[in-house]
Visitor: 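Attaching a single structure in C-alpha cells format; questions to follow.
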Amino acid sequence: MKFVFVLTTILLALLLDVAAGDRQYKALNFGDSMTDYIMYQPDMSPLQNAFSVCSWVRSLNTNDFPTWMSYAVSGSTNEIFVSADGYYNLIFSSHIADLRSHFSGLARNWYHYCMTWNYSSRTQRVYLNGRQIHSRTTPSGRRLTTGGYLVIGNDQNGHTPGPSGFHSSYIFGGELYKLNLFSKELSSSEVLEMSRDKCTETELTYGDLRSIKWEELLQRSRNGNVREIDSGCSAETGRLWVRLSETLEELRNSSQLLDETRSELARVKEEKAAKDTELMRTEQQLNETLEDLARTRTVKEACETKLETKEQQLNETLEELTQTRKEKEAHKTSLDTKRQHLNETLDELESTENEKDMCHTDLATAEENLNTTTVEKEEALEELERKKEDLIRITTSLNQTQTELDQVRKLLEKANNTPPDCPLNSTITSYWDLLYSEDYFGDVISSEKLEVLYKSVEKLEYFVGLRVTEGMIQFMKHFHEGADKCRNSTE
C-alpha cells in the first residue's frame with residue numbers, strides 16, 4: 001500500500017505540471033441572468049427505456065433552486081429536472097425527495113452527480129460523488145417521452161423555445177463539466193469509477209452508449225453569458241488519468257491477488273501445520289507399531305520354541321499311543337481266545353445243570369410211584385434212599401465238577417486248555433470207552449443201548465433218558481468200583 005501511495009503522489013505531481021501548460025478540455029460557466037443558457041431539441045429516443053444523467057457540477061449561485069438541467073415535453077414540463085442544491089431530482093414530473101442535506105457544504109466545490117433509471121426495474125437512483133444517496137420506484141409502464149427540449153442552465157415551465165418560461169429562482173449561475181446522457185442504467189461500480197476524478201476519460205470508454213456527449217454540447221449555440229473556462233484538465237491529463245486508472249486497477253488487482261495469495265499461503269501453512277501434526281502423530285504411531293512388532297516377534301519366537309517342544313512331545317506321545325494300540329490289539333486277541341474257552345465251559349456247565357434237572361424229575365416220578373402200594377412204597381423208599389445216596393454222590397460230583405470248572409476258568413485266563421482224558425477217536429479197550437463211541441457219546445441212552453451196558457456197569461437204569469456227556473461218563477467211572485482207567489490217561 002505504501003508503494004501505491006508513492007506512485008499516486010508522483011502521478012498527481014505530473015498531472016499538475018501537464019495541466020498548467022495544456023488546458024484544452026473546457027468547462028462551461030453560466031452567468032447569473034435568465035438569458036444565460038443552452039437550449040436545443042435533441043434525439044432522446046435511445047433513452048426511452050433506460051438512461052443515466054451524469055456531470056461534474058460546481059454551484060456558485062445562492063438562488064432557491066439553481067437548476068442545471070431541464071428536459072420538458074408537452075404535458076410534462078419536468079420529464080427530467082435536476083437542481084444543483086439537491087432539492088429537485090425529478091423524472092416523469094415526479095419528485096423523488098428533498099436531498100439537500102446531502103449537498104450541504106458542497107457550494108463552490110466540484111462534485112460528481114449521477115441519476116439513473118431503467119424501465120424493467122422501474123427504479124430511479126441518485127448518486128453523489130459515486131455513492132448512492134436515494135432511490136425510488138417509478139410508475140409502471142412509463143417510458144421517457146421523446147420530442148422535447150433540453151435546457152442547460154435553467155428550468156422551463158413549458159417546452160416553447162425562449163426565456164419566456166424561465167424564472168429567476170431557477171437560474172443556475174454555476175459551472176458544468178462532462179455532462180453526458182447514457183442510454184443505459186449505469187451500475188454503482190461504473191458510477192464510482194467515473195466519479196474518481198473529473199480529469200479521467202472514463203466516459204469515453206462507453207462509445208455509442210453516450211447519446212448526448214459533452215463535446216457536442218460545447219458546440220451548441222449559447223445564449224447570454226455562457227463561456228468556456230479552463231477545467232484544469234487536458235487531453236494529456238486524461239490519458240495520464242487513464243493510464244493512472246489502469247495502473248491503479250492493476251494495483252488493486254495485484255493487491256487483491258496478493259491478498260488472495262496471502263490467504264492461500266496462510267491456508268497452505270495451516271494445512272502444512274496440520275500435515276506436520278498428522279505426520280508427527282503418524283511417526284509416533286509407527287514407532288509404537290514397530291515396538292509392538294518387536295514384542296510380537298519376541299513372543300512369536302518363544303511360541304515357536306514352545307511349539308517345537310510340544311511337537312516333539314506329541315510325536316513321543318503318538319509313538320507311545322501306537323505301541324499301546326499294538327499291545328491292546330494283542331491283549332484283545334488273547335482275551336477273545338480266553339472268552340471262547342470260557343463260553344465252551346459255560347455251555348458244558350449248562351448241560352450238566354440240565355442233567356441235574358432231569359434227575360430231579362426222575363426222582364419226583366419215583367416218589368409218585370412209591371405211593372401206589374405199601375410194598376412198592378417200602379421198596380420205593382428203599383430205592384429212594386439209594387437214589388438219595390446216589391443224588392448226594394451226584395451232587396458231590398457236580399460240586400467237584402463246578403470246582404473243576406472254576407479251575408478251568410482260571411486256566412483259560414492263562415490260555416491253557418487241556419484235552420479230555422479219553423478222546424473219542426481212541427481205540428475201545430474197556431466198557432467205559434464204549435460211551436465215547438459214536439453210537440453213545442452225545443446221544444440218548446435207549447433200552448437197547450442199556451442192555452449192552454448192563455453187562456459192564458451196575459445201576460445204569462438210573463440214567464435212562466439222559467444224554468451221554470463227558471461229565472456223566474466221568475461220574476459213571478467213579479460210581480463203578482474197579483472201573484478201568486482210560487488207556488490214554490495211563491499212558
Side-chain angles (χ1 to χ4, degrees), residues 338 341-372 375-414 416-424 430-437 439-447 449-486 488-490:
K338 293 177 180 180
H341 293 309
L342 180 59
N343 290 333
E344 293 175 355
T345 304
L346 289 175
D347 291 339
E348 293 179 359
L349 180 59
E350 183 179 358
S351 178
T352 304
E353 290 292 337
N354 292 334
E355 293 174 356
K356 179 181 177 182
D357 292 337
M358 293 175 65
C359 290
H360 284 292
T361 302
D362 292 340
L363 182 59
T365 302
E367 288 179 352
E368 291 178 358
N369 293 331
L370 289 174
N371 293 327
T372 56
V375 176
E376 291 177 353
K377 181 178 180 181
E378 289 176 357
E379 293 176 356
L381 286 175
E382 291 176 0
E383 187 68 22
L384 181 60
E385 288 298 329
R386 287 193 299 270
K387 288 185 178 183
K388 283 182 179 179
E389 291 175 1
D390 293 340
L391 181 59
I392 291 171
R393 285 193 298 271
I394 291 171
T395 302
T396 303
S397 177
L398 288 176
N399 291 334
Q400 184 179 357
T401 302
Q402 183 66 41
T403 302
E404 292 175 356
L405 287 176
D406 292 337
Q407 292 175 356
V408 170
R409 287 194 185 94
K410 294 178 181 180
L411 292 175
L412 287 175
E413 294 176 358
K414 298 177 181 180
N416 293 322
N417 188 17
T418 57
D421 291 338
C422 296
L424 297 176
S430 68
Y431 46 81
W432 295 115
D433 293 334
L434 181 62
L435 295 177
Y436 285 102
S437 65
D439 294 333
Y440 287 91
F441 190 80
D443 202 354
V444 178
I445 296 175
S446 62
S447 299
K449 291 180 181 181
L450 185 61
E451 289 295 333
V452 178
L453 292 176
Y454 263 141
K455 300 177 180 179
S456 57
V457 182
E458 296 179 356
K459 308 296 184 183
L460 287 179
E461 64 271 12
Y462 296 153
F463 299 96
V464 175
L466 295 181
R467 187 179 300 277
V468 177
T469 62
E470 178 67 27
M472 190 185 75
I473 296 171
Q474 294 298 327
F475 169 74
M476 292 170 65
K477 280 183 178 183
H478 292 290
F479 180 78
H480 189 275
E481 294 179 359
D484 292 334
K485 298 293 185 178
C486 181
N488 290 337
S489 64
T490 57

Visitor: Nearest 0.5 angstrom please: Asn343 CG to Glu348 CD, how far?
Guide: 11.5 Å

Visitor: List for me each residue that meets side-chain contact (heavy atoms from CB on, under 4.5 Å) alongside Glu385, sequence neighbours excluded, and say none if there are none.
Guide: Lys388

Visitor: Looking at Ser351 and Asp347, would you say the former's side chain and the latter's main chain have a donor-acceptor pair under 3.5 Å?
Guide: no

Visitor: If the condition is side-chain contact (heavy atoms from CB on, under 4.5 Å), which residues does Thr395 pass it with, not counting sequence neighbours?
Guide: Leu391, Asn399

